[in-house]
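Chain A is the first sequence line, chain B the second, and so forth, proteins listed ahead of strands; every chain is numbered from 1.
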Amino acid sequence: MTPANVDTLPFNRGRQAREAEVMLDKLVDEFTDNPAAMAYFYDLFRRVYIQGEALERPAAPQVGMTCIQVPEELIYAVGATPVRLCNGAYHYDQIGADFMPAKSCSLVKATLGRLQDQEMGVPRVGKLDMIVNPSTCDQKKKAGAMMEEMGYAVHHLEFPNVKESEAARIYWQRSVRDFAVQLQKLTGKRLTRKRLNQAMARTRRAQTAFRALHNLRKQAPSVVLGKDVFLVTNAYFFDDLERWTDAVEALVAELKERAAAGFNAAQRKAPRILFTGSPPVFPNLKLPLLIEEAGGVVVADETCSANRMLYDMPVVDEWLVNHMVDSLADHYLKPCTCPIFTRNDDRCRRLLDLVRDFEADGVVYQAYSGCQVYEMEQRSVGKVLNEAGIPMLYVETDYSPDDMGQLSTRIEAFLESIKTRKRQRAASGGQA
Amino acid sequence: MTSRLRRAVDNVDLQRFRFWFQAAAFVLFVYGGYLAVDLGNSLPMFSCGYNQEGRAGVCYLLPLQHQLSRPWPQLFGWAGIGVLTGFATFFLWFIVLNKGWCGFMCPLGTLQDWLTSLRKRLGIRYSLYGEQAFNRLTWVKFVLLALMFLIPLAIGGGLLSHDWGAPFCQICPGRVILPLFTADPLQLTIDYSSIGTLVLTGLGMFIAGLFLVGAFIKKRFFCFFCPMSALHYLISKPALLKLKKDGDKCTKCGNCFNVCDMEIRAIADDLERKDIMTDDCTLCLKCVAACPEPGALKVEFARINIFQATEEGFLKRMNKGAGHDACKR
């Protein structure tokens, strides 16, 4: 799209808005019995992504984050507002392609593409006073330097690529402390015990709500579809923390009623799917959508746009600023199952645990082409799941909608094979 | 009904429960003697024998060292029976609570926790050993334990004079500090009568000072070097109270390690071991209270689950902890 088009067309006729509208309409209209409390989120995405509404934000400095490894409690505590920049639009992916080699990750490209447009980039948060870019994978590291070239003030948050060693832990704690200093310079507000405590209480409330939602997905039959939960966690990227938490609590309350009434949000005997790998970010929810259109239900996930972002909770032994900051640092490093780390036994264990807890019948593993770390872990994860007798479908894809037809065939076949397996197992169990 | 009780227990405010439990135990073992409480002289923690008026029983290490310094013919003859019955009594006391004696009963442990509270109130940050120092120092308690056996044996064999008697008690901060609680300052002295007593009581005074400073800046400073803790660990296998870990449920978030007074890494990193109590553990159960993963850590008594990590309990305790802090400010 040329800049001329942007000027002449109303926002909702732009390619980004069209793409978002197509996806949102599918997510909403192709399913009956959407929870009433989801209306908040459908509406939010419609306003932000399709109508291009600017988000109501406090007048405080805006801090963009390119990864879940950024301790957002520190940002809230110094009076700034965080926004997660990881983008899911194919439109921005194409714009961002100018910066990165052809075979690189859609998410990184889309994030760069979105940042090209300071003013109208969606979600619209106004001027970004700082972008925090943790040194995780190679592509994100390099993207950070490019953001600097675009004129953004970038803080390169140094992140270790090994997490077991004590050296890595200490290094990361220092890095987080340094980040806290930078933040205080940005807002001119001191990081005090009281402010950090309040900020942590706010995120804890949000995490508590998320955990309640997460736990409800253990229900069989399912009370909620995965596509809705992905929308909910995606909204966490940019929504006001309290409004988001209120909306999730309302959703949880409604789902509890559903559970009590024995409601089934999916088809009868719908295969229960655990989703892992590259993070689905709206509007690119095509894979979860395809799974649920084909009659499966995503009951849990292990991705950094949902579960990994909100599940683990920090603990504080002594409520003194230094200790709280170190605790936060540990919390953002130790339980992380990101594939950028040298080893990833933790990710495999986490997947097995989720399969057990959520009674998942199979795993769908999404890797964005060019996201080498997820591509490389495919083998080891597949092996572990295979040994545990859990079927896995590995899907290499990107933000382009072109492969949806082909993917839907593969997913249908995968779900069908799971159903057949279950039938056979039930039959042989009956005989024995 | 049982499920409601279960929930109430798992939601317990462990910090508060422990505070009152420890306070009660402290009063019992330091002042119980005035009420004629006498639990014998084989207790598996520092109910100090030098606190002659107030003690409600005697730490086993005192009689043990005395017994071991008997002349060898006696020790390996009829007196051996006394040693064995003493040990058997000690063992029976011990297996009930395992190292829970350290985390909940020991007056010297409680005293350290009080110093920690004082430091917290003053807003002073704690110090840590760090991994390297931890690995180097964790052996000290076993060396002290070995010396505690060898020196009395050497006395009994005539290799050392009786001035070296009860060597561990002489250097134990409990001997110097605990009698002070019953207004008995007699142990606050250095005994110049011989080289042996001079060295030991001098060391004792020094270590008592170190204990107070150390425990102020480092949580449970002394427990790291405690030979009683080493002895506990060696006989802990058949104990009834157990700390269990289910590695499959662990997300390795490190919360348990983060709150551990003893800096025990294995609690977070070891996924294989089911019986996760290590040699340095004091069974204070803070790790269980800090774990948000249901059932990943639990406490069993005679194989019955009596307290376990739950999400609800974790959140309750965290919200409460944060609230306490807000009140203080």
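- Taking all atoms of both residues into account, the shortest heavy-atom contact from A/E302 to A/T276 is OE1-OG1, 2.7 Å.
- For B/R265, the part sitting under 4.5 Å from any heavy atom of chain A is the side chain, from C-beta outward, and nothing else.
- For A/R169, the part lying near chain B is the side chain, with the backbone staying farther off; criterion is any non-hydrogen pair under 4.5 Å.
- Top candidate by heavy-atom pairs under 4.5 Å with chain B, chosen from A/H331, A/M313, A/E164, is A/M313.
- Heavy atoms of B/L271 lying under 4.5 Å from chain A belong exclusively to its side chain.
- When heavy atoms are compared at a cutoff of 4.5 Å, A/D345 does not approach chain B at all.
- B/F104 and B/F21 have their aromatic ring centers within a separation under 6.0 angstrom.
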Working for ring pair (Phe, Tyr, Trp, His ring centres under 6.0 Å), residues A/W172 and A/Y332: CA-CA 9 Å; A/W172 172 239; A/Y332 280 95; 7.5 Å; no

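- Counting heavy-atom pairs under 4.5 Å between each of B/K249, B/E311, B/E131 and chain A puts B/E311 at the top.
- With respect to A/E318, the salt bridge (charged side-chain N to carboxylate O under 4.0 Å, His left out) criterion is satisfied by exactly one of B/K286, B/R121, B/R119: B/R119.
- For A/D346, the part lying near chain B is the side chain, with the backbone staying farther off; criterion is any non-hydrogen pair under 4.5 Å.
- Ranking A/R350, A/Q198, A/R204, A/K334 against chain B, the residue ahead of the rest is A/R204, based on heavy-atom pairs under 4.5 Å.
- Below 30°, between 30° and 60°, or above 60°: for A/F159 and A/F341 the angle between ring planes is between 30° and 60°, a tilted geometry.
- Ring centroids of B/Y129 and B/F224 are separated by less than 6.0 Å, placing the two rings close together.
- Ranking B/L315, B/T116, B/D269 against chain A, the residue ahead of the rest is B/L315, based on heavy-atom pairs under 4.5 Å.
- Taking the charged nitrogens against the carboxylate oxygens, B/R220 and B/D113 do have a contact shorter than 4.0 Å, which makes a salt bridge.
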